[in-house]
Chemist: 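I'd like to ask some things about the structure below.
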Amino acid sequence: MAVSPVKGFPLPLGIPFQNQSILQRPSSPCPNCNRSDSQRQQLVPRPSQEFPISLEEIRQIHGHMIRTQFRQTHPTAGHLPLLHSSPAAQLNLLISSYIKNGRPEDALRMYSLARAGEDAVLDNFTVPSLLKACAQLSRIRHGEEIHGFVLKVGLHWDVFVQNSLIHMYSECACADSARRIFEKMPERDVVSWSTMIRCFTRSRLFPEALNLVREMLLSQIPPSEPAMVSMLNLCAELGDLSIARALHGYATKNASPEAMGVNISTALVDMYVKSGCLASARRIFQLMGEKNVATWTSMVAGSVRLNQPTEGLRLLAQMQREGVASNEITVLSLAQECGATGDLKLSRWAHAYILRRGFSLSLVLLTAMVDMYGKAGDATSARILFDRMPDKDSATWTAMLSGYVKIGCIDQAFELVGLMKEAKVRLNEVTMVSLLALCREAGALELGRWVHAWIGRQGLRQDAVLATALIDMYANCGDVEAASGIFSAAGGGGGGRDVAMWNAMIGGLAMHGRGEEALRLVGQMEEDRVAPNHITCVAVLHACSHSGLVSEGKAFFRRMERELGLTPTVEHYGCMVDLLARAGMLDEAHRLIETMPLRPNVAVWGALLAGCKLHRNAALGETAAKRLLELEPGNCGYSVLLSNMYAMARRWGEVAEVRKLLRETGARKSPGFSSIELGGSLHRFTMGDDSHPQSPQIRAMVEEMMRKLTLAGYVPDTSAVLLNVDEEEKETALALHSEKLAIAFGLISTAPSALIRVVKNLRVCGDCHTATKLLSEIYQRDIIVKDRNRFHHFSRGACSCGDYW
DNA sequence: ATAGGGTTAG
């Protein structure tokens, strides 16, 4: 994710960092007891026994302390000399032992016992341990209680206590509380700074985190090793290579690659991986002396992520040979990265690897695999895994749901929502985002509004992602005003808007043909110091294309590289070709394809072909169609267009040839669907669908529609119907097109004022457009049709969509 | 006694 204030950020990298953390204690006396630190420490006898002590011993002491209520009434157990020390020291020892033995729950239970007994037993040594337990368990309520206790008994002067509070709030995702403590600290040590940097990084408050790094270095505080790691982690999240290189240089100035320490080296590897520079990551990796699981994990996952899956698998094997065992985190990130590639074969390999290595299939790991199959497009495998899982949590359900939505299995997704309701799955922010994505795909505005209201009722935190999902849902379901409302509200709060949110709003305006507004928004975005990214540029070019803003689009395309520092990708060229071709500048569009530095893909040639059909240029269209058939031999849509093109040029021999080829290959168009939402329920239709309960009435309505259309002078354009049947059957097919069924249902609806809002997942069908325009005039009704990512508003026969037809 | 690499669902 790009954040604008980061660009060219000057890091004052002059101070050497400390390899060992230097513990700095404030030397001022405690304001409460007026004793100096050393005096206070003498008051607290130190335990003589060394860590770690066994769990069994801890249980014994625990039992003893409960019996004696933390008082030294029975100094019985001679082999446990620590019982002779003060209650506070005993409690502290016990709590830290529990934490060291991985039992933070017991540590907190001890705290409750202590509270039930005597407040005073907790001191400034005990509190940090307890807060660490709260942090590990994300127990914000416990943490706040301890915070209250700290204020009550006056321990807040202690830097260690304050640092621990910051850490606790950081781990509980309460950046605001952490920041309040940090800002009020009269004295800060390097731990305060690094913890706060980590906190801001975790909360994705990158500008704040970077400011802190700068302040810290300007205050001449030498970063410790953990501080260095925090800074590297921050940079990993920023993904900014120039800052990454600066920090890398800074780290090497202070330690040779061999002596750097495995934590910093691993953080460096991870930073380069996340900044997309595998070569640099590999260089560090090869120079490293000691490597651990984390180092290997980072490198394996990074190779898969950065398009080198074979290298990733090779490293996995090498890791094993060198005697480093992969752990659950290794396979979790493997599954995640394999899914992200969308490569089903690779994902299956990862699944097999996990089974072969005999990993216990935990809830988290299985959820990751469900998600992986969903992302790789294999809904069946995902569902099989999902159904076999004995336990599922909201993450599992959400993974399955988002998989269905991503693959486009709308029916299964809705079925799953029903099952979720039955299973009483707890819904959280992430589930809501998936549900909103489902609403977007299905065009279910009412359901989307319900989700929105539900979010408010449940008091779910409306973070940037959720707000973006809402904007996206409203825009894609046709309520661009509601999207705009959410967008404005998100700007008012302190959170600010990130690139994704701006992109969603700009894209939303683009698909409603509001190009000028979209362009204005980019200007505002830059004033807000949010840097446009590749996706922003796609949205802007889209907006220009759909609003006929040719010169503006060209200007933006030039600006992209010169001023925004973004190299156009093949998608941007596709948008430019679309912009030019739609406007009839076909030769210029063709020249752009010929001169572009990238290999043109389907979208690029497809945009040219659509323009050729629109402006009736058969010669160039033929070129485009041939290229498309080379790229995607199985796609019959292009063959149909090509045959139409030949027909236009009266080259009947070639028309027959293409048709014959189509018949032989048995190419079929995947069935499209249209949906309409009325009275809060969603009705979906496919071509010739008669499964709807009101199907007879709908059929009757379609007949009436067709009669009236013919009377109005409508002649069906059957050229886009792909069936090897005679013309009459084609006309029937066109009449029973899913969009017409949906519109018919809208017209017979008992709520006559209801807006007819049809969403279809088909490619633009020129005939439907013409017919719909006429229908809106005949029936004097507003009809809104969404076709892929474009809205067409028909009002009494006029279409305001900005597109050329 | 406090901070530190790799960690499921958007």
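Within every chain, numbering begins at 1; the chains are lettered A, B, ... in the order of the sequence lines, protein sequences first and strands thereafter.
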Chemist: Distance check needed: B:dG4 P versus A:Arg198 CZ, whole Å only.
Modeler: 5 Å
Chemist: Using the six-membered ring for Trp and the full ring for Phe, Tyr or His, decide whether A:Trp397 stacks on the six-membered base ring of B:dA9 (centres under 5.5 Å, planes under 30°).
Modeler: no
Chemist: Nearest to the A:Ile329 side chain among B:dG6, B:dA3, B:dT8, which nucleotide is it?
Modeler: B:dG6
Chemist: Between B:dG10, B:dG6, B:dT2, which nucleotide has the shortest distance from any of its atoms to the side chain of A:Phe160?
Modeler: B:dT2
Chemist: Between the base of B:dA3 and the side chain of A:Ser194, is there a donor-acceptor distance below 3.5 Å?
Modeler: yes
Chemist: Of all the choices, B:dT7, B:dA3, B:dG10, which nucleotide is nearest to the side chain of A:Pro226 once you look at every atom?
Modeler: B:dA3
Chemist: Round to a whole Å and report the spacing from CD of A:Glu328 to P of B:dG6.
Modeler: 16 Å
Chemist: Any side-chain N or O of A:His167 less than 4.0 Å from the OP1 or OP2 oxygen of B:dT2?
Modeler: no
Chemist: When all nucleic acid strands are considered with a 4.0 Å heavy-atom cut-off, which category describes A:Thr266: base, sugar-phosphate, or nothing?
Modeler: base
Chemist: Can you check whether any acceptor in the base of B:dG10 is under 3.5 Å from a donor in the side chain of A:Asp463, or vice versa?
Modeler: yes
Chemist: Only one of A:Leu131, A:Val127, A:Ile181 clears side-chain contact (heavy atoms from CB on, under 4.5 Å) with A:His147; which?
Modeler: A:Ile181
Chemist: Regarding A:Val262, tell me which of base, sugar-phosphate or nothing describes its non-hydrogen contacts under 4.0 Å with the strands shown.
Modeler: base
Chemist: Among B:dA9, B:dA3, B:dG4, find the nucleotide with the atom closest to the side chain of A:Glu171.
Modeler: B:dG4
Chemist: Using a 4.0 Å heavy-atom cut-off, does A:Asn327 contact any base of the nucleic acid, only the sugar-phosphate backbone, or nothing at all?
Modeler: base
Chemist: Kindly indicate, with the supporting measurements, whether the criterion side chain to side chain donor-acceptor pair (under 3.5 Å) is fulfilled by A:Asn428 and A:Thr431.
Modeler: CA-CA 5 Å; A:Asn428 62 17; A:Thr431 324; 2.7 Å; yes
Chemist: Among B:dG6, B:dT2, B:dG4, which nucleotide has an atom closest to any side-chain atom of A:Val191?
Modeler: B:dT2
Chemist: Between P on B:dT7 and CG on A:Asp371, what's the gap in Å once rounded to a whole number?
Modeler: 14 Å
Chemist: Indicate whether OP1 or OP2 belonging to B:dG10 is found under 4.0 Å from a side-chain N or O atom of A:Lys375.
Modeler: yes
Chemist: Take the protein atom CE of A:Met299 and the nucleotide atom P of B:dG6, then report the distance between them rounded to whole Å.
Modeler: 15 Å
Chemist: Respond yes when some side-chain nitrogen or oxygen of A:Gln336 is under 4.0 Å from OP1 or OP2 of B:dT8, and no when none is.
Modeler: yes
Chemist: NA contact type, A:Thr295, heavy-atom cut-off 4.0 Å: base, sugar-phosphate, or nothing?
Modeler: base
Chemist: Could you state the atom-to-atom distance from CG of A:Leu435 to C1' of B:dA9 in whole Å?
Modeler: 12 Å
Chemist: What's the CZ-P distance between A:Arg202 and B:dT7, to the nearest Å?
Modeler: 13 Å
Chemist: Take the protein atom CD of A:Gln136 and the nucleotide atom C1' of B:dA3, then report the distance between them rounded to whole Å.
Modeler: 13 Å
Chemist: Test salt bridge (charged side-chain N to carboxylate O under 4.0 Å, His left out) on A:Glu322 and A:Lys291 and set out the steps.
Modeler: CA-CA 10 Å; A:Glu322 296 193 11; A:Lys291 300 182 186 87; 5.0 Å; no
Chemist: Which is true for A:Val433 with a 4.0 Å heavy-atom rule: it touches a base, it touches only sugar-phosphate, or it touches nothing?
Modeler: base
Chemist: If you measure only the distance, is there a donor-acceptor pair under 3.5 Å linking the side chains of A:Ser192 and A:Asp189?
Modeler: yes
Chemist: A:Thr195 and A:Asn163: side-chain donor and acceptor closer than 3.5 Å?
Modeler: no
Chemist: Applying a 4.0 Å non-hydrogen cut-off, can you work out what A:Asp270 is touching in the nucleic acid: base, sugar-phosphate, or nothing?
Modeler: sugar-phosphate
Chemist: With heavy atoms under 4.0 Å as the rule, sort A:Leu466 into base, sugar-phosphate or nothing.
Modeler: base
Chemist: Below 3.5 Å, does any donor atom in the side chain of A:Ser192 face an acceptor in the base of B:dA3, or the other way round?
Modeler: no
Chemist: Which one, B:dG10, B:dG4, B:dA3, comes nearest to the side chain of A:Lys132?
Modeler: B:dA3
Chemist: What does A:Ser394 touch in the nucleic acid at a heavy-atom separation under 4.0 angstrom: a base, only the sugar-phosphate, or nothing?
Modeler: base
Chemist: Check the distance between B:dT8's C1' and A:Asp393's CG and give it to me in whole angstrom.
Modeler: 8 Å
Chemist: Ignoring hydrogens, what is the shortest heavy-atom contact between A:Lys392 and A:Leu363? Give both atom names and the distance.
Modeler: CA-CD1, 3.9 Å
Chemist: Using only modelled atom types and a 3.5 angstrom limit, is any donor from either the side chain of A:Asn428 or the base of B:dA9 paired with an acceptor on the other?
Modeler: yes
Chemist: Please tell me whether A:Thr266 and A:Asn263 have a donor and an acceptor in their side chains that are separated by less than 3.5 angstrom.
Modeler: no
Chemist: Could you check whether A:Thr195 gets within reach of a base, just the sugar-phosphate, or nothing at all, counting any heavy atom under 4.0 Å?
Modeler: sugar-phosphate
